[in-house]
Amino acid sequence: MSLRALLYRRPSEPSVVQVVFDRAIYLVRLRRHRQARRYTLRIDAASREVVLTMPPRGSVKEAKEFAQTHGGWIAARLKRLPEAAPFAHGVEVPLRGVPHRIVHRRGERGTVWAETDADGYALLCVAGDAAHVDRRVGDFLKREAQRDLEATSRRYAAKLEVAIKRISVRDQSSRWGSCSSTGVLSFSWRLIFAPPFVLEYLAAHEVSHLVELNHSPRFWRLVKRLYTNVDRAKVWLDVHGTDLHRYGAAARSGKDDI
């Protein structure tokens, strides 16, 4: 363990504290950050988790008091999050912007596939045991996201005559995409829920960073050279972006009536 880690490590302190507000209990995860100057609270939209950041010399007692003081804020922010839509039989999730109803077909062969029923409704069919539905749907969607982002990003890279070192698809909660100085592009797999024009924009955006690692006027000219409908995609993300984090999330946790 590094000297820095030893300096900030508190072996005996809890990683979670409870906040009671309006006859409900909320779990708050504690994390220390060496650059923090004060206590701060945030809600992770992807995990639906309440996180309290503490300064290096802060105490759990002070952290809990701070969280308890903001119990109303925690309750209100969690309530404003879109309702969770777990990957389970009967739940509807968008695939490339088109609503698909998850249907568990235990006795059929295969894993996950899309089809249309006799009435024209889009289905996402899952074979195997019910216990595996969540994982199988999640794996399928991540593979589809990887495939779409690989194809779109490499098509745009060819237009700019630049090389992509690697394309990574993860569950990023703070941004939809990023580009490193070494040529690695990273995207949120949740873009597979959005209409294709949104994914096209994000791919064009990050590929353009391979030429301009900034947001200068030259950078935006490159983006619009690859994809012209930038404003439409940005507006869609502003309006619907948070909603993409609710799919695959368990029912709201960390809150139990007293």
Side-chain angles (χ1 to χ4, degrees), residues 45-46 85 87 92-100 102 111-116 122-126 135-249:
F87 297 145
E92 193 171 82
V93 299
L95 174 59
R96 299 181 181 92
V98 178
H100 283 64
I102 297 174
T111 53
V112 180
W113 65 96
E115 67 175 48
T116 303
L123 306 177
L124 205 55
C125 305
V126 192
R135 176 182 56 79
R136 286 191 166 188
V137 172
D139 289 346
F140 169 81
L141 293 170
K142 290 169 188 175
R143 286 194 301 270
E144 293 296 294
Q146 182 82 45
R147 186 178 69 176
D148 287 6
L149 286 161
E150 283 268 2
T152 307
S153 298
R154 296 198 183 281
R155 171 162 49 85
Y156 284 146
K159 288 186 177 182
L160 294 183
E161 298 182 336
V162 293
I164 298 172
K165 183 176 181 180
R166 189 175 76 254
I167 296 174
S168 171
V169 175
R170 300 177 294 161
D171 197 4
Q172 304 183 140
S173 60
S174 59
R175 57 178 66 181
W176 298 111
S178 62
C179 174
S180 75
S181 58
T182 59
V184 176
L185 305 186
S186 297
F187 295 96
S188 168
W189 69 268
R190 294 177 179 279
L191 290 172
I192 198 63
F193 297 130
F197 71 85
V198 176
L199 184 144
E200 290 271 345
Y201 159 65
L202 265 301
H205 185 116
E206 300 311 331
V207 167
S208 296
H209 276 314
L210 294 170
V211 178
E212 293 286 332
L213 202 57
N214 52 57
H215 287 96
S216 64
R218 174 174 163 77
F219 164 79
W220 286 110
R221 284 196 296 272
L222 281 174
V223 177
K224 291 180 179 180
R225 175 179 154 193
L226 295 177
Y227 181 74
T228 56
N229 214 341
V230 170
D231 291 339
R232 180 190 180 201
K234 290 172 72 174
V235 168
W236 193 96
L237 282 170
D238 287 343
V239 175
H240 303 288
T242 301
D243 200 47
L244 303 188
H245 290 294
R246 76 188 185 96
Y247 298 107

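Start at 1 with the first residue, then count along the sequence.
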Check Cys179 against Glu206 and note the closest heavy-atom contact, atom names and distance. N-OE1, 3.4 Å

Measure up the Phe219 and His215 rings against each other and bin them: parallel (under 30°), tilted (30 to 60°), perpendicular (over 60°). perpendicular

Heavy-atom closest pair, residues Arg136 and Val112: O-CG2, 3.5 Å

What are the two closest non-hydrogen atoms of Arg190 and Asp171, and how far apart are they? NE-OD1, 2.9 Å

dist Phe140:CZ -> Ile192:CD1 (nearest 0.5 Å) comes out at 8.0 Å

Flag the pair Glu200 and Arg232 as a salt bridge only when some basic side-chain nitrogen lies within less than 4.0 angstrom of an acidic carboxylate oxygen. no

Any side-chain heavy-atom pair of Leu160 and Leu210 under 4.5 Å: no

Got a salt bridge between Lys234 and Asp231, using NZ or NE/NH1/NH2 to carboxylate O under 4.0 Å? no

Least distance between heavy atoms, Ser216 atom then Glu212 atom: OG-OE1, 3.9 Å

Rounded to the nearest 0.5 Å, how far does CG of Leu141 lie from CG of Leu95? 6.5 Å

Can you measure from CG (Leu202) to OG1 (Thr152) and round to the nearest 0.5 angstrom? 10.5 Å

Nearest 0.5 Å, please: how far is CZ in Arg175 from OG in Ser188? 12.0 Å

Side chain of Gln146, backbone of Ile167: donor and acceptor closer than 3.5 Å? yes

Within the structure provided, determine whether Val169 and Glu150 are in side-chain contact (heavy-atom separation under 4.5 Å). no

Got more than 12 heavy atoms from elsewhere within 6.0 Å of CZ, Arg155? yes

Parallel, tilted or perpendicular: which one describes the rings of Tyr227 and Tyr201, with boundaries at 30° and 60°? tilted

Shortest non-hydrogen separation from Val184 to Lys165 and the atoms involved: CG2-CD, 4.1 Å

Over 12 non-hydrogen atoms of neighbours within 6.0 angstrom of CZ in Arg135: yes

I want to check something: taking the side chain as every heavy atom from C-beta on, are Trp176 and Leu244 in contact at a cut-off of under 4.5 Å? yes

Distance-minimising heavy-atom pair for Pro99 and Gly97: CD-O, 3.7 Å

Non-neighbouring partners of Arg170 that pass side chain to side chain donor-acceptor pair (under 3.5 Å), sequence neighbours left out: Gln172

With sequence neighbours left out, write down each residue that passes ring pair (Phe, Tyr, Trp, His ring centres under 6.0 Å) with Phe193, or none if nothing qualifies. Trp189, Tyr247

From Ser208 atom OG to Leu226 atom CG, the distance as rounded to the nearest 0.5 Å: 4.5 Å

Is a salt bridge present between Arg147 and Glu144, judged by a nitrogen-to-oxygen distance below 4.0 Å? yes

Working to the nearest 0.5 angstrom, can you tell me the gap between Phe197 CZ and Arg96 CZ? 15.0 Å

